[in-house]
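What follows is a short report on a single structure.
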Amino acid sequence: MLWLPLVVMVLFTRLLMDSSGLGNPVSNHNREATRSTALGLIPLGTGSDFARTLGWLVGSTAIWINLMCLSSLAFARKNDPCEAINRIAKGLRSPVDVGVITGESEEESHYFINVADIHLSAKAGYFASRYKRFGNLCYVIGALQAFMGHKNQDLRIKVNEGEWETCSLVTALCIGNAKYFGGGMKITPNADPSSGNFEVVILQDFKWYDFILKLHRLYNGTHLSVKNVSSRSVLSIEVEDISGSGSIYVQSDGEHLGFLPRKFCILPSAIEMIC
């Protein structure tokens with residue numbers, strides 16, 4: 001009886017519906033709850049990217065863009081709620097890190113569990129959210145719309161409360177607690193939600209044709225050796241727009257959060273998940 005595991009697990013866990021990450025459900029999770037409360041995951045969203053890091057989706061999404069006809073073909077294993085419920089019923093609890101984002105005011109806190117990102121990718125995510133009815137094609141539509149009028153920008157970053165440093169011509173900056181975003185793009189391939197660290201990947205001076213030529217490497221996670229791509233492990237990172245334009249997009253787990261400046265910190269083992 002497939003409903004029985006769900007009834008049993010509701011007594012011990014809160015079930016989350018996963019889209020690209022976990023977003024607001026994690027933000028609103030009672031951080032003062034005792035360790036008897038654990039989180040389960042039913043991946044039913046468009047991207048289901050956090051579930052990919054946990055290895056719950058066997059097939060990764062592959063998107064091939066044909067510039068001649070602007071077409072997209074997406075291949076992914078369909079989420080099965082019954083399988084997810086059975087997995088939760090059998091699973092073990094594991095500690096999972098949570099990221100916290102603050103703005104100029106410490107009161108503007110936002111929590112995330114998957115990936116936060118800045119500039120082009122965040123802008124693409126903002127537009128993609130308008131086209132969810134098209135499934136994974138929404139990410140292609142969002143990216144095309146974001147490229148219109150896009151300019152790489154100089155950003156200032158401070159890592160682990162150290163000195164400020166300048167990153168020139170930043171195309172996108174991604175802070176990964178987990179590995180995937182954008183419907184299967186393995187953007188922060190070394191991220192581990194139980195490591196106590198973020199992986200920060202910065203793409204600099206990318207042109208539109210760089211994404212076309214290197215798209216397959218972004219999806220399979222082999223882009224860290226590509227020119228103008230850097231990666232580092234951090235506990236915290238602050239990011240500012242040098243120009244002060246207030247127009248650099250920020251998002252986390254597929255949710256638009258506004259614009260720079262922002263600070264990102266890791267909360268190690270902040271919650272427990274039934275994996």
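Note that this is a predicted model, so its numbers are computed, not measured.
Rounding to the nearest 0.5 angstrom, the gap separating the OG1 atom in T171 from the CG atom in L155 is 10.0 Å. The structure places CD of Q251 at 9.0 Å from SG of C174, a figure rounded to the nearest 0.5 Å. In this structure, CD1 in I113 is found 11.0 Å from CG in L267, a value given to the nearest 0.5 Å. Rounding to the nearest 0.5 Å gives a distance of 11.5 Å between CZ of R52 and CE of M185.
At a threshold of 4.5 Å between non-hydrogen side-chain atoms, the residues L203 and D210 do not count as touching. Using a 4.5 Å heavy-atom cutoff, the side chains of S252 and H110 are in contact. Inter-residue side-chain proximity for S269 and D97 is flagged as met; some heavy-atom pair is nearer than 4.5 Å.
Under a hydrophobic clustering in which Ile, Leu, Val, Met, Phe, Trp and Tyr are joined whenever their side-chain heavy atoms come within less than 4.5 Å, directly or via other members, L218 and Y209 fall into the same cluster.
Sorted by first and then second residue, the side chain to side chain donor-acceptor pair (under 3.5 Å) pairs involving residues 192-205 (not counting sequence neighbours) are N190-E199, E199-S231, D205-K207. Applying the ring pair (Phe, Tyr, Trp, His ring centres under 6.0 Å) definition to pairs two or more places apart or across chains, those involving residues 185-205 are F112-F198.
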**Message:** Between S121 and F181, does the side-chain contact (heavy atoms from CB on, under 4.5 Å) criterion hold? Intermediate values first, please.
**Reply:** CA-CA 10 Å; S121 56; F181 78 162; 4.0 Å; yes
**Prompt:** Do F206 and V229 pass the side-chain contact (heavy atoms from CB on, under 4.5 Å) test, and can you show the C-alpha distance, the side-chain angles, and the key distance before you say yes or no?
**Reply:** CA-CA 9 Å; F206 266 49; V229 177; 3.7 Å; yes
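Under a 4.5 Å side-chain heavy-atom criterion applied to ILVMFWY residues, the cluster that includes F127 comprises Y126, Y249, F259 as well. Through ILVMFWY side-chain contacts below 4.5 Å, L169 is grouped with nothing and stands alone. Grouped with I242 in a hydrophobic cluster is no other residue, since no side-chain heavy-atom contact under 4.5 Å to another Ile, Leu, Val, Met, Phe, Trp or Tyr is found.
The side chain to side chain donor-acceptor pair (under 3.5 Å) test applied to N220 returns T222, not counting sequence neighbours.
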